[in-house]
**Q** 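Provided herewith is a single structure, encoded as structure tokens, for subsequent inquiry.
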There are 2 protein chains.
Amino acid sequence: MFSKACEYGIKAAIFIALKSYQGERVSLKDIAAKIDSPEAFTAKILQKLAKNDIVDSIKGAAGGFEIEKHKIASIQLAKIVDAIDGDSIYIGCGLGLNKCSEDHPCPVHHKFASVREELKKMLESTNLEELALGIKSGASYLKT
Amino acid sequence: MFSKACEYGIKAAIFIALKSYQGERVSLKDIAAKIDSPEAFTAKILQKLAKNDIVDSIKGAAGGFEIEKHKIASIQLAKIVDAIDGDSIYIGCGLGLNKCSEDHPCPVHHKFASVREELKKMLESTNLEELALGIKSGASYLKT
DNA sequence: CTTAAACAGGACAAAATTGTCCGAATTAAT
DNA sequence: ATTAATTCGGACAATTTTGTCCTGTTTAAG
Ligand code: FES
Ligand code: FES
């Protein structure tokens with residue numbers, strides 16, 4: 001469904017949000033350990049998140065990643081997915097036609113488009129804050 | 001969402017169903033041309049569909065692929081997807097945890113699982129016959 | 001100022017997916 | 001029987017995705 005990069009990106013963002021909520025800045029090493037992801041690969045993904053203004057990266061000793069507290073609740077899952085995987089999941093044809101359209105639909109268009117719309121709505125209506133709270137409360141987990 | 005292999009597989013199955021409905025057997029070359037897919041790669045996928053008893057393959061001159069008419073309406077999209085991509089799309093965790101479960105859910109589990117369930121229902125409730133009829137009636141297209 | 005901790009980013013490597021080629025086997029038609 | 005049309009399947013190649021490594025830069029602390 002999502003690429004590995006996107007999975008790591010989502011988990012990393014959640015973890016950073018959680019820590020930022022508690023006023024802590026986290027290092028790459030910490031992130032990778034907590035979400036169980038390859039460190040160097042995760043670094044690339046964090047660069048993308050930083051370039052897309054989803055997380056802030058601070059260089060130098062005592063540096064790391066953080067998200068401004070007031071932004072946490074306003075970052076939707078959709079924004080992260082879009083930053084990493086692009087928008088093909090929202091607008092691409094399920095059977096790989098050049099372009100998904102009502103005028104020239106593939107055989108599964110109508111059925112597929114509604115599921116895709118569900119997914120889109122879900123991603124747009126879910127924000128980092130609620131996801132981070134789930135981790136904090138022990139209701140959900142980032143690994144294993 | 002689906003792999004390329006799966007996309008080709010679905011389109012191929014629809015085309016074969018359409019022709020079988022009209023009592024015609026189709027060759028690999030024909031299929032690849034009509035669904036706009038690489039021929040040799042499509043051959044591999046058809047072998048998988050044949051091994052999974054979704055299509056029948058007939059060797060030799062005047063050979064090709066077909067689906068028994070009476071089976072067309074009973075072949076669900078889910079069966080094709082499962083044959084080619086496996087069941088990870090149904091049972092895998094959206095964030096890549098080893099195992100999706102209620103007991104140890106990832107942060108998006110509840111939201112994701114319901115979309116996934118929608119997808120599953122869609123795939124299970126859609127059969128080759130209706131898809132083929134869409135093509136036959138000109139309501140949908142297999143390429144461009 | 002020096003050092004150590006951290007991110008940035010380019011080059012590289014491994015693995016998975018997608019795609020190609022070709023010889024072998026099968027079958028219908030001549 | 002021979003030939004031509006066709007699928008089968010193994011080996012290979014290209015591309016994309018995933019993952020690693022190393023050097024450079026930034027910055028806090030001593
Ligand atoms: S045209 Fe295929 S999903 Fe819309
Ligand atoms: S645990 Fe992640 S989707 Fe169920």
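Every chain is numbered from 1, with letters handed out A, B, ... down the list of sequences. Just so we're clear, the structure is a prediction, and the values are computed from it rather than from any experiment.
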**Q** Tell me the interatomic distance from A:Arg25, atom CZ, to C:dC7, atom P, rounded to whole angstroms.
**A**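 Checked: the CZ to P distance equals 10 Å.
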**Q** Look at the side chain of A:Gln47 and decide which nucleotide, out of C:dC7, D:dC8, C:dA8, has an atom nearest to it.
**A**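 Of C:dC7, D:dC8, C:dA8, C:dA8 is nearest to the side chain of A:Gln47.
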**Q** Please list, pair by pair, any protein nitrogen or oxygen found under 3.5 Å from a nitrogen or oxygen in nucleotides 17-19 of chain D.
**A**
from	atom 1	to	atom 2	distance (Å)
D:dT18	OP1	A:Lys4	N	3.0
D:dG19	OP1	A:Tyr8	OH	3.4
D:dG19	OP2	A:Tyr8	OH	3.2

**Q** With a cut-off of 6.0 Å (strictly less than), are more than 12 heavy atoms of other residues, nucleotides or ligands near OH of A:Tyr141?
**A**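 Count over threshold, so yes.
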**Q** What is the nucleic acid contact for A:Lys48, judged by heavy atoms within less than 4.0 Å: base, sugar-phosphate only, or nothing?
**A**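 It contacts nothing in the nucleic acid.
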**Q** Could you tell me whether the side chain of A:Phe2 reaches within less than 4.5 Å of the side chain of A:Leu123, counting heavy atoms only?
**A**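 Yes, close enough: below the 4.5 Å cut-off.
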**Q** Provide, to the nearest angstrom, the distance between the CG atom belonging to A:Asp30 and the C1' atom belonging to C:dC7.
**A**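 Going from A:Asp30 (CG) to C:dC7 (C1'), I get 14 Å.
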**Q** Output a table of nitrogen or oxygen pairs between the protein and nucleotides 27-30 of chain C separated by less than 3.5 Å.
**A**
from	atom 1	to	atom 2	distance (Å)
C:dT27	O2	B:Ala61	N	3.0

**Q** My understanding is that only residues two or more places apart in sequence, or in another chain, count here; which of them pass side chain to side chain donor-acceptor pair (under 3.5 Å) with B:Lys4?
**A**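 B:Lys4: side chain to side chain donor-acceptor pair (under 3.5 Å) contacts with B:Glu7.
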**Q** Take atom CG of B:Leu46 and atom C1' of D:dT6, then tell me their distance rounded to the nearest Å.
**A**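 Whole-Å distance recorded here is 13 Å.
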**Q** For the pair made of CG in A:Asp56 and P in D:dT27, what is the distance, rounded to whole Å?
**A**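 About 14 Å, once rounded to whole Å.
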**Q** With a 4.0 Å cut-off, would you call A:Glu130 and B:Lys111 a salt bridge?
**A**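 Yes, charged N to carboxylate O under 4.0 Å.
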**Q** Can B:Lys69 and B:Glu129 be counted as an ion pair, charged N to O under 4.0 angstrom?
**A**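 B:Glu129 and B:Lys69: not salt-bridged.
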